[in-house]
Amino acid sequence: MGIVFAPLGLVLVFTAAITPQWREGQAHLRMAGPGTLLRSGTRSHGIGTRSSSVDVLLLLRSDGLWESCLQVEHSDLRQCWPVAGPYQRDPRVRLAQGLVLTSLFLCGTGIVLACIGVRCWADLPLRGVAASGGLLVVTAGLLSLTALGVYTHNLRRLGMDPSQRINNSRFPHLSLHPAGSLYFGWLGSCLQVVGGSALLFSFKRPRCPTCPSRHELSVSPCHSCPEVTNKTDIDVYEVSC
């Protein structure tokens with residue numbers, strides 16, 4: 001379960017980190033006056049409603065950790081750019097970026113250690129190595145959960161001046177709400193915690209950690225394996241090449 005859930009969680013958190021849909025907002029933009037390039041372009045696509053001499057466009061704004069996008073609804077007019085300005089300089093956004101990057105690094109390292117420790121190609125696993133990988137995966141999941149919690153809690157205040165209203169004159173009636181990338185991140189972080197916790201059980205040693213050889217059985221049998229100690233009629237053979 002740990003080997004399956006940990007990589008799946010890593011993929012989901014990585015998908016959430018690179019997509020610009022951590023928060024979304026809609027804004028109704030009124031455009032007055034003829035000859036406007038954007039208005040004429042959207043009119044050719046059948047976008048916008050005309051009331052007297054005013055066109056109303058519905059703009060969709062989305063922000064991520066490293067990219068922001070602006071799109072006109074029901075059209076192919078979309079523009080994305082790297083985050084900049086107050087949003088980029090916001091300490092909570094920087095904290096989320098650092099936590100997510102650290103989480104991805106720790107989770108990747110933990111998966112490598114877990115694969116080495118499980119050793120599907122060998123009879124006996126390296127239980128300590130596998131459990132150490134699980135500890136890193138759990139830590140990565142907790143870090144990404146912290147980043148998501150900080151971002152979600154301050155979602156409507158990120159990049160905004162506290163002295164100004166959220167709905168400014170540039171984007172009137174802008175309403176911000178969580179977007180799809182957050183849900184990918186939440187799901188991936190939970191899978192990391194569950195998968196890493198499953199790998200942590202590797203710290204618990206089995207009753208009989210190794211299988212004794214035939215010669216060892218005749219001298220000192222493994223006392224923790226009753227199915228071995230109960231067998232008194234075991235034939236011991238010596239094979240020399």
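The analysis underlying the following values was restricted to heavy atoms, covering all of them including side chains, and did not include hydrogens, waters or symmetry mates.
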Side chains of residues 182-196: which donor-acceptor pairs under 3.5 Å do they make with residues two or more places apart or in other chains?
unit_1: Ser189; atom_1: OG; unit_2: Ser144; atom_2: OG; d: 2.6
unit_1: Ser189; atom_1: OG; unit_2: Gly185; atom_2: O; d: 2.8
unit_1: Gln192; atom_1: OE1; unit_2: Gly141; atom_2: N; d: 3.2

Would you tabulate the side-chain donor-acceptor contacts of residues 94-115 under 3.5 Å, counting partners in other chains and residues two or more places apart, or write 'none'?
unit_1: Gln97; atom_1: NE2; unit_2: Leu65; atom_2: O; d: 2.5
unit_1: Thr102; atom_1: OG1; unit_2: Gly98; atom_2: O; d: 2.8
unit_1: Ser103; atom_1: OG; unit_2: Ala140; atom_2: O; d: 2.7
unit_1: Thr109; atom_1: OG1; unit_2: Phe105; atom_2: O; d: 2.9

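There is a path of hydrophobic side-chain contacts, each under 4.5 Å, that joins Leu143 to Leu136. Transitive grouping of hydrophobic side chains (ILVMFWY, heavy atoms separated by less than 4.5 Å) keeps Leu199 and Leu124 in distinct clusters. Cluster membership for Ile18 and Val83, using ILVMFWY side-chain heavy atoms within less than 4.5 angstrom, is shared. By the rule that hydrophobic residues join a cluster once side-chain heavy atoms approach within less than 4.5 Å of another member, Leu8 and Val4 end up as members of one cluster. Note: the hydrophobic cluster containing Met1 does not contain Phe203 (ILVMFWY, side chain heavy atoms under 4.5 Å, direct or indirect links).
Every pair tested for salt bridge (Lys or Arg N to Asp or Glu O under 4.0 Å) that includes a residue from residues 96-121 fails, sequence neighbours excluded, so the list is empty.
The CG atom of Asp63 sits 10.0 Å away from the CG atom of Leu70 when rounded to the nearest 0.5 Å. The line from CG of Leu176 to CG of Leu155 is 6.5 Å long, rounded to the nearest 0.5 Å. Note: Ser181 OG to Arg23 CZ = 13.0 Å, rounded to the nearest 0.5 Å.
Remark: the backbone N or O of Gln21 is not paired with any side-chain donor or acceptor of Ser62 at under 3.5 angstrom. Trp22 places a side-chain N or O within 3.5 Å of a backbone atom of Ala16 that can act as its donor or acceptor partner. Side-chain N or O atoms of Asn154 include one that pairs as donor or acceptor with a backbone N or O of Val150 at under 3.5 Å.
Counted within 6.0 Å of OH on Tyr87, heavy atoms from surrounding residues, nucleotides or ligands total more than 12; the atom is thus considered enclosed.
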